[in-house]
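See below for the structure under consideration.
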Amino acid sequence: MPFKTSIAPFRRWDVHAIALRSVLAAAVLAWLSALPASGQERIVSLGGDVTEILYGLGEGDRIVATDSTSVFPEAAQSMPKVGYVRQLSAEGVLSVEPDLILISGAAGPDTALDQIKASGVEIVQMETRYTIEAIVDKTRQVATAVGAPEAGEVLAGQISADWEAASEQIAALDLAPTVLFFATLGDGAPRAAGRDTAAHGIIELMGGSNPFDEQIGYKALSLEAAVAADPDVVLIMSHHAARIGEVEDVLAHPALALTRAAQSGMVILVDPVTVMQFSPRTPAALGDLAAEISERLNEAYGG
């Protein structure tokens with residue numbers, strides 16, 4: 001009698017093996033799809049503008065630490081802080097074991113940044129530019145870094161739309177004031193903004209002129225120079241003004257008291273977070289600030 005056997009059991013085993021492999025493959029794909037697209041799960045965000053962009057992209061849950069200027073949205077305030085963006089230490093930044101470090105163009109000092117870059121951790125550093133285009137560009141840069149390019153395009157589009165609306169509002173106001181921006185205003189010589197500063201950027205975007213645009217950065221000014229500038233408007237960041245006291249105390253400061261702006265009450269406090277960080281909220285905030293300046297100018301100088 002010839003030897004006979006059936007291959008059916010082997011076929012059944014092959015079918016089961018294929019099914020098992022399919023299940024495992026599906027599980028692996030599901031696990032991979034749940035991971036961040038860039039593979040970076042622990043992000044340190046250095047700069048309020050960068051942090052705001054990350055949350056705007058819907059990636060805030062991947063942040064493990066920020067700098068002290070990262071106060072928006074409210075969720076960012078509860079994040080561990082690794083120092084002030086301009087006075088960072090490499091040890092503090094690296095102590096939270098990040099996979100990715102996103103660095104604002106305002107970050108420093110250079111020695112700390114060099115040490116961070118030498119750590120081997122993936123780093124993306126933004127360029128320092130004070131334009132609306134720069135906000136759009138760094139939004140796309142951050143989105144690419146965290147593997148969310150589609151969300152980046154959506155947010156970039158919203159920023160552009162906000163600026164289109166704000167710029168139309170500003171153009172209708174037809175502003176052309178001389179605007180002096182004080183970065184600090186304490187007991188010593190005040191420091192005013194020149195070119196290559198966020199302050200100069202917002203003055204230009206609102207259609208104003210900066211009497212100290214020939215200087216670069218924030219420079220100490222003599223009281224005589226401040227008075228000689230005789231600006232139509234003086235802007236000062238709200239937290240610096242608070243160190244002096246009330247608005248009346250700011251107006252009485254020797255660097256301002258003799259200027260037309262101070263005598264007309266044209267000293268306006270600026271929110272450093274919404275306006276100065278050149279973040280997604282800056283376009284709309286500039287429209288609001290320009291409207292306030294226009295209204296106050298009309299009241300002070302009669303149109």
Side-chain angles (χ1 to χ4, degrees), residues 42-55 60 63-130 134-135 138 141-142 145 181-202 215-221 235-244 269-279 282:
R42 298 180 59 82
I43 299 174
V44 169
S45 179
L46 303 177
D49 54 340
V50 177
T51 301
E52 186 174 328
I53 289 170
L54 280 169
Y55 277 98
I63 302 173
V64 294
T66 69
D67 73 299
S68 61
T69 68
S70 297
V71 296
F72 183 87
E74 186 175 352
Q77 298 177 23
S78 61
M79 285 288 170
K81 303 300 179 184
V82 293
Y84 174 52
V85 69
R86 297 183 186 276
Q87 298 174 352
L88 298 168
S89 74
E91 292 80 3
V93 173
L94 298 174
S95 67
V96 296
E97 299 181 350
D99 300 316
L100 173 65
I101 303 173
L102 299 176
I103 305 177
S104 167
D110 289 341
T111 51
L113 296 182
D114 289 343
Q115 291 172 349
I116 293 171
K117 292 173 184 177
S119 69
V121 176
E122 182 180 352
I123 291 170
V124 176
Q125 186 167 9
M126 313 301 145
E127 184 180 356
T128 303
R129 290 186 293 132
Y130 301 111
I135 303 174
K138 65 185 170 185
Q141 188 176 5
V142 171
F181 195 110
F182 278 109
T184 58
L185 197 61
D187 295 332
R191 296 174 67 241
R195 288 186 289 112
D196 298 337
T197 62
H200 183 74
I202 69 170
Q215 73 180 27
I216 297 177
Y218 295 94
K219 303 289 185 181
L221 295 174
L235 301 179
I236 179 172
M237 285 188 281
S238 55
H239 64 291
H240 287 310
R243 294 171 184 170
I244 301 174
L269 306 184
V270 177
D271 178 11
V273 178
T274 57
V275 178
M276 301 295 292
Q277 288 187 342
F278 277 73
S279 66
T282 294

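This chain uses plain numbering: 1 for the first residue, then up along the sequence.
Once rounded to the nearest 0.5 Å, the distance linking CZ of Phe181 with CD1 of Ile202 reads 5.0 Å. Here the straight-line distance linking atom OG1 of Thr274 with atom CD of Glu52 works out to 9.0 Å at 0.5 Å rounding. We find the CZ-OG distance between Arg86 and Ser68 to be 11.0 Å, quoted to the nearest 0.5 Å. The CD atom of Gln215 sits 10.5 Å away from the NE2 atom of His200 when rounded to the nearest 0.5 Å.
A pairwise comparison of heavy atoms in Thr51 and Thr66 identifies OG1-CG2, 4.0 Å as the closest pair. Here the closest non-hydrogen pair linking Val50 and Val142 is CG1-CG2, 4.3 Å. Residues Ser104 and Gly47 share a closest heavy-atom pair of CB-CA, 3.7 Å. Looking at every heavy atom in both residues, Leu113 comes nearest to Ala107 through CD1-O, 3.6 Å. Nearest heavy-atom pair, Lys138 versus Phe278, reported as atom, atom and distance to 0.1 Å: NZ-O, 2.8 Å. Among all heavy-atom pairs drawn from Leu54 and Ile43, the shortest one is CD1-CG2, 4.1 Å.
Residues Leu46 and Leu88 have side chains in contact (heavy-atom distance under 4.5 Å, counting atoms from C-beta outward). Within the 4.5 Å cutoff, the side chain of Ile101 has heavy atoms near those of the Ile116 side chain.
Side-chain atoms of Asp67 and Ser70 include a donor-acceptor pair closer than 3.5 Å.
Side-chain atoms of Gln77 come within 3.5 Å of backbone atoms of Val71 as a donor-acceptor pair (strictly under, hydrogens ignored). A donor-acceptor pair is defined here as one N or O able to donate and one able to accept, closer than 3.5 Å; such a pair exists between the side chain of Gln277 and the backbone of Thr69. Put simply, the side chain of Asp196 never gets that close to the backbone of Gly217: no donor and acceptor are under 3.5 Å apart. The closest donor-acceptor contact from the side chain of Arg42 to the backbone of Leu100 lies at 3.5 Å or more, if one exists at all. Remark: the backbone N or O of Asp49 is not paired with any side-chain donor or acceptor of Ser279 at under 3.5 angstrom.
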Point to revise | Derivation and outcome, side chain to side chain contact (heavy atoms under 4.5 Å, CB included), residues Lys117 and Gln125 | key: CA-CA 10 Å; Lys117 292 173 184 177; Gln125 186 167 9; 2.9 Å; yes
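The side chain to side chain contact (heavy atoms under 4.5 Å, CB included) with Leu102 is formed by just one residue from the set Ile123, Ile63, Val124, Val44; it is Val124.
Residues forming a side-chain contact (heavy atoms from CB on, under 4.5 Å) with Tyr218 (at least two apart in sequence, or on another chain): Ala183, Arg191, Ala193, Thr197, Ala199, Met276.
Counted within 6.0 Å of CZ on Arg195, heavy atoms from surrounding residues, nucleotides or ligands total more than 12; the atom is thus considered enclosed.
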